[in-house]
J.: 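First, the structure itself, so that you have it in front of you.
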Number of protein chains: 2
Amino acid sequence: MKIDPNNPADLSAQIAAAIRDAIVSGKLIVGDRLPSEAELSEQFEVSRPTVREALKRLAAQSLIRTQRGAFGGAFVNRLSYADAHAQQITTSTLLLGMNDVSFDTACEARFAMERACARLAAERRAPDHLATMRAEITRQGQPGLSDEAFCASDVAFHRALVDAAGNPVLSYQLAGAVEAMQPLMNMITFTARSREAIIALHARIADAAEARDGADIEAALQELEGYTRELARSVFAARRTERGVE
Amino acid sequence: MKIDPNNPADLSAQIAAAIRDAIVSGKLIVGDRLPSEAELSEQFEVSRPTVREALKRLAAQSLIRTQRGAFGGAFVNRLSYADAHAQQITTSTLLLGMNDVSFDTACEARFAMERACARLAAERRAPDHLATMRAEITRQGQPGLSDEAFCASDVAFHRALVDAAGNPVLSYQLAGAVEAMQPLMNMITFTARSREAIIALHARIADAAEARDGADIEAALQELEGYTRELARSVFAARRTERGVE
DNA sequence: TGACATTTCATTGTCCAGCAAAACGAGTCG
DNA sequence: CGACTCGTTTTGCTGGACAATGAAATGTCA
């Protein structure tokens with residue numbers, strides 16, 4: 001592998017970048033064992049703690065996993081959909097939380113992407129996708145359901161719709177977006193009336209999926225987006241009024 | 001902050017998780033300065049190298065940035081769109097490269113998401129988006145353009161289309177997907193004939209965007225998807241034949 | 001010979017103590 | 001007033017050291 005010029009930035013960052021490049025470029029493939037920390041420190045001419053910091057950086061992105069013991073070491077990790085998914089959620093959540101993204105912007109992006117799945121989901125939905133969607137609709141109709149549980153069920157419903165499209169790459173992208181939105185969605189208190197309207201649209205989506213009517217799924221999602229944004233507007237307006245009264 | 005039980009996993013991972021939780025839960029907000037490494041090592045009752053490894057993990061996710069000097073230290077970083085974008089690209093690239101995702105699957109996901117931007121892009125495109133698209137189309141038509149440069153221009157064109165939708169969240173998600181696909185797209189050797197067809201579709205997209213015709217952007221993208229997948233199929237078939245002859 | 005216990009040993013995890021480099025503030029001097 | 005030096009705080013990095021671990025090699029017994 002390559003050495004580092006002594007000038008610009010952190011040595012550990014440079015080493016991490018060098019190894020990361022070796023992985024993405026294919027010089028190191030899944031399952032390969034990296035040299036031991038001692039060997040790496042010789043190779044890069046740095047101390048072992050510095051190498052360790054570099055390895056921890058890579059481990060934080062789940063690019064490598066480490067194992068103690070005689071034939072242990074650092075191994076190139078297969079990035080699973082689950083890992084990538086988890087990373088995407090934390091990244092998206094922080095991005096939304098730290099950049100004053102408006103509810104409208106986030107909501108628009110989320111539904112635009114979800115509509116992208118509509119036709120594929122209609123085409124490929126399997127019985128168990130439909131079953132999951134129906135089950136979540138039933139749960140959402142139960143009285144006394146907490147707002148948090150309703151939101152969680154809402155996420156599960158939409159996740160089933162996305163999964164029905166039968167494209168794991170799409171699921172990975174979409175589920176991240178949907179789940180990252182949940183904290184924002186939770187800011188809206190659902191009244192009994194708004195739940196009814198949402199459940200009705202969910203039922204329409206499930207019916208359309210069963211009938212393999214992709215256009216109607218899209219239309220229902222469009223309505224759901226409009227309704228959600230309208231709901232958010234009124235909730236925020238009410239909050240502003242409250243604050244104004246105080 | 002909280003302490004760590006001594007039992008299960010790496011101390012540095014536990015500390016990193018504790019600080020990460022403090023950030024996502026809002027106990028630490030953007031710009032906050034973390035205690036110095038020495039203070040943290042006292043607080044968590046571990047050594048300074050261990051704390052440093054934890055901080056490097058967080059720095060790898062650009063959750064914090066560090067600064068040397070008297071009033072330096074580790075600060076909670078504002079996760080910029082650029083940072084999130086870069087992370088998404090590496091994650092998506094590795095995910096595609098390591099999991100034997102078929103070209104069809106990746107291509108389908110990419111175009112499905114891009115079509116999600118079509119109507120918004122038609123609605124909101126500004127003159128400079130159109131200018132970028134036209135410029136890239138011109139570049140793509142130049143003879144003697146290398147395959148790599150053609151692909152890069154292709155990415156820039158689609159990125160301009162996505163940006164035209166005027167939704168930064170959507171841009172962040174989409175641009176990641178498009179750029180992660182580039183290594184896969186590069187596997188296809190573009191002939192002069194296929195370039196012509198692609199440029200024609202690009203021109204149709206630009207025209208439709210100028211005319212604010214979202215439906216036609218969608219249709220053109222649909223055709224582009226079909227053409228790309230057909231092209232890939234024939235290229236792969238040719239390669240299989242070659243291998244069979246050898 | 002075969003199954004099981006023991007030892008060996010390379011490797012990561014953690015710690016200690018210290019030096020160098022950077023960046024800022026305060027004081028000093030022209 | 002401005003430029004300079006100096007001290008302080010903090011991260012970046014080094015070298016060495018020991019503990020924990022886990023698999024391979026070795027020894028032991030039937």
Side-chain angles (χ1 to χ4, degrees), chain A residues 1-20 22-23 28 31-77, chain B residues 1-20 22-23 28 31-77:
Chain A
M1 236 171 289
K2 287 139 209 166
I3 38 173
D4 306 312
N6 37 10
N7 298 341
D10 306 56
L11 289 179
S12 67
Q14 291 181 46
I15 295 172
I19 300 177
R20 190 182 303 117
I23 295 177
L28 291 170
D32 273 2
R33 179 181 173 280
L34 272 67
S36 72
E37 295 175 355
E39 287 175 288
L40 286 173
S41 67
E42 271 187 35
Q43 203 167 320
F44 288 111
E45 297 180 347
V46 296
S47 70
R48 196 163 82 94
T50 303
V51 168
R52 281 182 61 77
E53 288 178 8
L55 294 179
K56 294 310 172 196
R57 293 180 116 110
L58 299 174
Q61 302 175 308
S62 44
L63 279 174
I64 62 171
R65 90 192 102 83
T66 58
Q67 195 178 349
R68 291 213 282 202
F71 267 58
F75 298 86
V76 178
N77 203 8
Chain B
M1 238 172 287
K2 285 138 208 166
I3 38 174
D4 305 314
N6 39 10
N7 299 339
D10 306 57
L11 290 179
S12 67
Q14 292 180 45
I15 294 172
I19 299 178
R20 190 182 302 116
I23 294 177
L28 290 170
D32 273 2
R33 179 180 173 278
L34 273 67
S36 74
E37 295 174 355
E39 286 176 290
L40 285 173
S41 67
E42 271 186 36
Q43 202 168 320
F44 287 111
E45 297 179 348
V46 297
S47 71
R48 194 161 84 98
T50 304
V51 168
R52 281 182 61 79
E53 288 178 7
L55 293 180
K56 296 309 171 194
R57 295 180 113 111
L58 299 175
Q61 302 174 309
S62 42
L63 279 173
I64 61 172
R65 86 189 107 79
T66 58
Q67 195 178 349
R68 290 213 281 202
F71 268 61
F75 297 85
V76 179
N77 203 8

J.: Please state how far atom CD in Q14(B) lies from atom P in dG13(C), giving the value in whole angstrom units.
T.: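 In whole Å, dG13(C) P and Q14(B) CD are 13 Å from each other.
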J.: Rounded to the Å, how far apart are D10(B) CG and dT21(D) C1'?
T.: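 So the CG-C1' distance, D10(B) to dT21(D), works out to 13 Å.
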J.: Side chains of E53(B) and D10(B), heavy atoms from C-beta outward: is any pair under 4.5 Å?
T.: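 No - every pair of side-chain heavy atoms lies 4.5 Å or more apart.
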J.: What is the distance, to the nearest angstrom, from the CG atom on L40(B) to the P atom on dC15(C)?
T.: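 The answer, rounded to whole Å, is 14 Å.
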J.: For R48(A) and A38(A), work out which heavy atoms get closest and say how close.
T.: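 Looking at all heavy atoms of both residues, the shortest contact is CD-N, 4.3 Å.
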J.: Report yes if at least one side-chain N or O of S12(A) is closer than 4.0 Å to OP1 or OP2 of dG12(D); otherwise report no.
T.: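 Negative; the distance criterion is not met.
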J.: Check the distance between dT11(D)'s P and L11(A)'s CG and give it to me in whole angstrom.
T.: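 From L11(A) CG to dT11(D) P: 17 Å.
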J.: What integer distance in Å separates F44(A):CZ from dG12(D):C1'?
T.: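 From F44(A) CZ to dG12(D) C1': 18 Å.
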J.: How would you list all residue pairs meeting side-chain hydrogen bond (donor to acceptor under 3.5 Å, both in side chains) that involve residues 66-76 of chain A, not counting sequence neighbours?
T.: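 Not a single pair qualifies under side-chain hydrogen bond (donor to acceptor under 3.5 Å, both in side chains).
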J.: Measure the distance from CD on E37(A) to C1' on dG13(C) and round it to the nearest whole Å.
T.: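 Distance, rounded to whole Å: 8 Å.
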J.: Considering all heavy atoms of both residues, which atom of P35(B) and which atom of L40(B) are nearest to each other, and what is their separation?
T.: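 What the structure gives for the nearest pair is O-CD1, 3.6 Å.
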J.: So do Q61(B) and R57(B) actually touch side chain to side chain, heavy atoms under 4.5 Å?
T.: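 In short, these two side chains do not touch, never coming nearer than 4.5 Å.
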J.: Along nucleotides 17-27 of chain C, 5' to 3', which nucleotides get a B, which get an S, and which get a -, given that the test is a protein heavy-atom distance under 4.0 Å?
T.: -B--SBB----
J.: How long is the line joining CD of E42(A) and C1' of dT11(C), in whole Å?
T.: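 Going from CD in E42(A) over to C1' in dT11(C) covers 14 Å.
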J.: Identify the heavy atoms of I64(B) and L55(B) that sit nearest to each other, and give their distance.
T.: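 That would be CD1-O, 3.5 Å.
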J.: First locate atom OG1 of T50(A), then atom CZ of R52(B), and finally report the distance between them rounded to the nearest 0.5 Å.
T.: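 Output value for this atom pair is 7.5 Å.
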J.: What is the nucleic acid contact for R33(A), judged by heavy atoms within less than 4.0 Å: base, sugar-phosphate only, or nothing?
T.: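 Sugar-phosphate, no base atom in range.
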J.: Within residues 51-62 of chain B, find the residues that approach DNA chain C with a heavy atom at under 4.0 Å, and present them sorted by residue number.
T.: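 Heavy-atom contacts with DNA chain C come from no residue of residues 51-62 of chain B; none.
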J.: Is the backbone of G72(B) close enough, under 3.5 Å, to the side chain of R33(B) for a donor and an acceptor to pair up by distance?
T.: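 Checking the backbone N and O of G72(B) against the side chain of R33(B), a donor-acceptor pair under 3.5 Å is found.
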J.: Would you say dG13(C) has OP1 or OP2 under 4.0 Å from some side-chain N or O of T50(B)?
T.: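 No, no such contact exists.
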J.: Whole angstrom is fine here: how far is it from CZ in R65(A) over to C1' in dT11(C)?
T.: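 Checked: the CZ to C1' distance equals 15 Å.
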J.: So does S36(B) get a side-chain nitrogen or oxygen closer than 4.0 Å to the phosphate oxygens (OP1/OP2) of dT9(D)?
T.: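 No, outside the criterion.
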J.: Starting at CG of L34(A), measure out to CG of L58(A) and round the result to the nearest 0.5 Å.
T.: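 L34(A) atom CG to L58(A) atom CG measures 8.0 Å (nearest 0.5 Å).
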